[in-house]
Engineer: 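Here it is, the structure in full.
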Amino acid sequence: MSQTPDRPFPHRHLLSLEGYSTDDVTQILDTAEAFFEVSRRAVRKVPTLRGKTVLHLFYEDSTRTRTSFELAAKRLSADTLNLSVKTSSVKKGESLNDTCRTLGAMHPDIVVIRHNASGAPHYVAQKMDARVVNAGDGMHAHPTQALLDAFTIRRNKGTLEGLKVAILGDIAHSRVARSNCRLLRLFGCDVNVVGPRTLVPRHFGEAFDVTVHDRLEPALEGADVVMALRIQQERLAEALLPSLREYNRVFGLSAERMKLAKDDAIVMHPGPMNRGVEIEPEVADGPQSVILDQVEAGVATRMAVLYVLLGQGEAPAA
Ligand code: CP
């Protein structure tokens with residue numbers, strides 16, 4: 001494996017990146033490098049977490065996060081439990097507290113939770129003995145997405161430090177934007193967020209120490225990394241946009257607009273994409289796109305998160 005310091009990981013949970021240092025993030029990314037290699041072998045399985053149990057508790061829909069966490073746990077030889085909320089007793093009105101008490105009695109080692117309420121993973125961490133990983137809570141945080149994005153940037157750019165990053169779109173509703181801003185600022189990136197004023201909270205720039213724009217041009221000019229975000233129609237409670245067509249006209253990421261960024265800039269999107277709204281297909285599928293690299297990085301990064309939190313496994317390269 002690469003530079004992974006063999007130090008005890010100093011956090012019990014991954015609820016957000018608050019309180020995480022550059023060393024903590026680097027430890028996860030270096031560990032993910034070793035697991036990335038494992039994921040490309042003919043036999044993509046190591047015995048690292050044999051005997052451990054990982055519980056996936058998804059109260060919100062997911063394709064990438066859920067499947068990659070499940071694959072990550074399986075590739076580490078952990079036992080996995082997947083609670084499908086839609087077919088569980090949650091549908092009969094069981095509270096999160098009672099669900100925690102019930103599942104806690106089965107002694108999972110780690111709980112991976114996605115929930116539409118900000119703070120739900122913190123609540124679960126208080127109620128259960130297991131370690132907890134936030135797989136996305138409301139508009140608050142999506143720390144493993146930021147970690148896999150950092151892994152992808154580092155692999156493509158060779159570093160995280162000193163890059164100009166543009167984050168475009170629905171900043172207000174985006175837990176991905178919040179976690180990415182926190183991580184990228186830790187490494188000294190010049191982070192520029194851009195979107196219509198209705199979709200960028202007034203104090204976002206100050207809160208995350210990033211530059212806020214309401215025009216694309218200054219955000220994209222000279223960017224090393226361009227990250228388009230999904231317009232979250234399910235969270236647009238009020239009419240915050242005149243229309244999706246108008247949004248696309250002013251803020252859609254096209255090949256023409258990408259000419260403002262550096263020639264070797266990479267294009268990212270956490271998915272799922274609204275093609276023709278926040279990103280044009282020619283860009284999503286174009287030569288600068290690393291969107292599928294992000295998906296591949298998701299498995300290795302989540303393996304690394306499970307490994308550092310559970311900590312007592314055999315070495316990842318075993
Ligand atoms: N990026 C992301 O969280 O995608 P899913 O909602 O498909 O998990």
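Numbering of ligands and ligand atoms starts at 1, following listing order. All values below come from the heavy atoms of this structure, side chains included, with hydrogens, waters and symmetry mates left out.
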Engineer: Can you list the atoms of ligand 1 that are under 4.0 Å from a heavy atom of T65?
Structural biologist: 2 (C), 3 (O), 4 (O), 5 (P), 8 (O)
Engineer: Can you tell whether the side chains of K86 and D61 come within less than 4.0 Å, N to carboxylate O?
Structural biologist: yes
Engineer: Quick test of your reading of the structure: of Q145, R175, R114, whose heavy atom lies closest to atom 6 (O) of ligand 1?
Structural biologist: R114
Engineer: Among H142, H269, R64, which residue places a heavy atom closest to atom 3 (O) of ligand 1?
Structural biologist: H142
Engineer: Which of the atoms of ligand 1 are close to G271, meaning less than 4.0 Å from one of its heavy atoms?
Structural biologist: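 Counting from 1, the qualifying ligand atoms are 1 (N), 2 (C), 4 (O).
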Engineer: Under 3.5 Å, is there a donor-acceptor pair between the Q294 and D149 side chains?
Structural biologist: yes
Engineer: Does the cation-pi check pass for R257 over F251, that is, NZ or CZ under 6.0 Å from the six-membered ring centre and within 45° of its axis?
Structural biologist: no
Engineer: Could you list which atoms of ligand 1 come closer than 4.0 Å to a heavy atom of T63?
Structural biologist: 5 (P), 7 (O), 8 (O)
Engineer: Can you tell me which residue and heavy atom of the protein come closest to atom 1 (N) of ligand 1, and the distance to 0.1 Å?
Structural biologist: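 Nearest protein contact, heavy atoms only, for atom 1 (N) of ligand 1 is P270 O, 2.9 Å.
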Engineer: Could an N or O of ligand 1 be found under 3.5 Å from any N or O of R66, whether backbone or side chain?
Structural biologist: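 Checking ligand 1 against R66, no N or O pair falls under 3.5 Å apart.
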Engineer: Do we get R114 above F58's six-membered ring, with its NZ or CZ under 6.0 Å from the centre and within 45° of the axis?
Structural biologist: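 Here R114 fails the 6.0 Å and 45° test against F58.
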Engineer: Does atom CG of D264 have more than 12 heavy-atom neighbours from other groups under 6.0 Å away?
Structural biologist: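 Buried by this count: over 12 neighbours within 6.0 Å.
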Engineer: Please check if the number of heavy atoms outside E217 that lie under 6.0 Å from its CD is greater than 12.
Structural biologist: yes
